[in-house]
Number of protein chains: 2
Amino acid sequence: MVIEEVKYWHIKNHQLFWFLNQEQIRQLCILANFKKAQKGEVLEFVQPGQHYIYLLKKGNLKVVQVDEEGNELIVDIIKQGELFGELESSGGKSNTYEYAQVLTDKVVLCRFSKSDFERLLLEFPQMALSYTKLVGLRLKKIQNRYSNLFFLKAKDRLVFFLKEWAESEGEKMEKGIKLTNYLTHKDIAQIICAARQTTTQFFNEWENEGVLHYSRKEIIIKDLHRLK
Amino acid sequence: MVIEEVKYWHIKNHQLFWFLNQEQIRQLCILANFKKAQKGEVLEFVQPGQHYIYLLKKGNLKVVQVDEEGNELIVDIIKQGELFGELESSGGKSNTYEYAQVLTDKVVLCRFSKSDFERLLLEFPQMALSYTKLVGLRLKKIQNRYSNLFFLKAKDRLVFFLKEWAESEGEKMEKGIKLTNYLTHKDIAQIICAARQTTTQFFNEWENEGVLHYSRKEIIIKDLHRLK
DNA sequence: TCCGATTTGTCCGCAGGCTTACACTTTTGG
DNA sequence: CCAAAAGTGTAAGCCTGCGGACAAATCGGA
């Protein structure tokens, strides 16, 4: 069962764990610490002094940044098979605090210490290269979000976000594209950098126009092109 | 002379080129393509199909992103000794176009092909690790700018930018901190994501309060703490 | 099944800062 | 050395969308 899971994980992360053979994966698996968590649970993954890399094996979670006034911003949504932790940890200096929270019913994740991970990267340079590309990809993604925040208005940012979501997790059906929903209006607002009320408004406009249906369980995008 | 320059460059980039000996540096130097450019010159560094990594040896330049309406955003300021190119190239999909422009009187840069660079990283895993950390650092930096754009108002973003600049290139003097200026109000506006007029206004407020002096050649921050 | 908590719906005033518009100043290049 | 271009100063109007306020709906747990 554990090996089964590892196999799965291995597939999801081919770009990174490609170069390891079964034995090495098994070894990494021993290194790794497994953990389960329930919906809503908060994971404080940036303990000072303790540096871990996390791999989300099952479920989804959000990485939230809080400033001194208590304003929250969702920095990233971590999906099945994605790495997080070291990468996200904020610059250190600032007065913002960061935590992760479970969005789906349950979540399975494992972690390995930063130093173990680095040892692995040194042993398998090919893997270091893959890892670098992975980080580079995130850099591009965030850079995209950044320029969107400047170039686009709130509504267009929401459209952008929904299209991206549809692309990565959407399921095509006769009635449109179905997204299994694990986000509230508030969550989405914090992702696209808007007020919750503004987000609600846009959703309702689309609901009335009949191009989208939002519910807590799922979102149906009936017509992607009319989404604007 | 060339070796002198390489030595210098080596120092500036210790985190990356640490592990190479003189011979290897010389070799990299042969691999590399040198180029000089004048102030104002535009470098189209993202040719499709051609993947290069650039190292800025001397001077400063800005990386600009342009959207379909012609709005410009400065994605990054590249300073002496910094790498750019592959890292910055936008996600590919979008309809934004990117270019670099020389800010200082003259600029010296060299480039090596992505594949040569990757070969080097594979040969020196320690270097791959350093490079990974470098990319990670940029990720953090951009993530910081992103959350600033959400949490902070325009004026505070300008303060943040100036403080950062002062930290990286400021020169302490009796009259305050001196910054050799290579940016116009427009440039700064495009960095902090504000309108040019807004930026001008803030500078003038500070000028009147006597906490800062702006000119095209230099910026003197007389009192960092009163800058708000 | 019921109660409290969370999420969603709606309205509206207010403000930050973008736009437009133009005058003035400094730099650059022929 | 002069004209054109680039950069700076200043002001007014307008618009997006934030924030507060509350009601209604939905969920989750005891």
Side-chain angles (χ1 to χ4, degrees), chain A residues 38-42 62 67 69-74 101-106 148-159 161 181-209 212-219 228, chain B residues 38-42 62 64 67 69-74 101-106 148-159 181-209 212-219 228:
Chain A
Q38 297 300 310
K39 185 170 184 171
E41 206 167 315
V42 170
K62 60 178 179 182
D67 78 348
E69 271 123 40
N71 301 308
E72 299 199 333
L73 167 67
I74 296 184
Q101 189 168 23
V102 180
L103 292 171
T104 45
D105 273 356
K106 63 180 60 169
N148 278 348
L149 193 46
F150 181 58
F151 289 141
L152 272 41
K153 303 249 167 260
K155 195 166 186 178
D156 291 320
R157 292 200 302 273
L158 181 52
V159 171
F161 167 73
N181 187 23
Y182 46 85
L183 296 172
T184 65
H185 286 181
K186 191 181 161 204
D187 286 329
I188 294 171
Q190 286 173 350
I191 293 170
I192 63 165
C193 293
R196 195 227 86 220
Q197 293 89 323
T198 311
T199 309
T200 300
Q201 211 144 307
F202 294 148
F203 271 118
N204 290 332
E205 281 177 31
W206 287 325
E207 195 89 50
N208 293 334
E209 289 170 19
L212 179 145
H213 174 70
Y214 176 95
S215 84
R216 297 192 191 182
K217 289 197 226 75
E218 58 180 31
I219 298 174
K228 64 186 174 202
Chain B
Q38 297 302 309
K39 185 170 184 172
E41 205 168 316
V42 170
K62 61 178 178 182
V64 184
D67 77 348
E69 271 122 40
N71 301 307
E72 298 200 332
L73 167 67
I74 296 184
Q101 188 169 21
V102 180
L103 293 170
T104 45
D105 272 357
K106 63 180 60 169
N148 278 349
L149 192 45
F150 180 59
F151 290 140
L152 273 40
K153 302 251 167 256
K155 194 166 185 177
D156 291 319
R157 293 201 301 274
L158 181 53
V159 170
N181 187 23
Y182 46 85
L183 296 172
T184 65
H185 286 181
K186 191 180 162 204
D187 285 330
I188 295 171
Q190 288 173 349
I191 292 170
I192 63 165
C193 293
R196 195 227 85 218
Q197 292 88 327
T198 310
T199 308
T200 300
Q201 212 142 306
F202 294 148
F203 271 119
N204 289 334
E205 282 178 30
W206 287 323
E207 195 89 51
N208 293 335
E209 290 170 19
L212 179 145
H213 174 72
Y214 176 95
S215 84
R216 298 193 189 181
K217 288 198 227 74
E218 58 180 30
I219 298 174
K228 63 186 173 201

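Below, read A as the first sequence line, B as the second, and so on, with proteins coming before strands; counting in each chain starts at 1.
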Closest approach of Gln101(B) to Gly40(B) (non-hydrogen atoms, all atoms of both residues): NE2-O, 2.8 Å
Quiz item: Gln197(B) side-chain donor-acceptor pair to dT20(C) base, under 3.5 Å: yes
Nearest-nucleotide pick for Ala194(B), side chain only, options being dC18(C), dC18(D), dT10(C): dC18(C)
Spacing between Asn208(A) atom CG and dG9(C) atom P, to the nearest angstrom: 10 Å
Polar side chain donor-acceptor pair, His185(A) to Thr199(A), under 3.5 angstrom: no
Separation of atom CD in Glu41(A) from atom C1' in dG28(D), rounded to whole Å: 17 Å
Integer-rounded Å distance: dC11(C) P and Gln201(A) CD: 8 Å
More than 12 heavy atoms of other groups within 6.0 Å of Lys186(A) NZ: no
Interatomic distance, Lys217(B) NZ vs dT8(D) P [rounded to whole Å]: 13 Å
Touch class at under 4.0 angstrom, heavy-atom based, for Tyr214(A) against every strand present: sugar-phosphate
Nearest to side-chain heavy atoms of Arg216(B), which nucleotide of dT10(C), dG17(C), dT26(C): dT26(C)
Spacing of Arg196(A) atom CZ relative to dG20(D) atom P, expressed in whole Å: 13 Å
Closest-nucleotide ordering on DNA chain D, the 5'-leading residue of Ser215(B) and Lys153(B): Ser215(B)
Any His185(B) side-chain nitrogen or oxygen under 4.0 Å from OP1 or OP2 of dA6(D): no
Value in whole Å for how far the C1' atom of dG20(D) lies from NZ of Lys186(A): 16 Å
Shortest side-chain distance from Asn204(B), nucleotide among dG17(C), dC11(C), dG9(D): dG9(D)
Nucleotide nearest Thr184(A) (side chain, heavy atoms from C-beta), chosen from dG7(D), dG17(C), dT7(C): dT7(C)
Interatomic distance, Phe150(A) CZ vs dC18(C) C1' [rounded to whole Å]: 10 Å
Lys155(B) NZ - dC18(C) P separation (whole Å): 14 Å
Thr198(A), nearest nucleotide to its side chain (from dG17(D), dT8(C), dA21(C)): dG17(D)
Non-hydrogen side-chain atoms of Val159(A) and Trp206(A) separated by less than 4.5 Å: yes
Of Leu152(B) and Lys39(B), the one whose closest DNA chain C nucleotide lies more 5': Leu152(B)
Any side-chain heavy-atom pair of Leu149(A) and Arg157(A) under 4.5 Å: yes
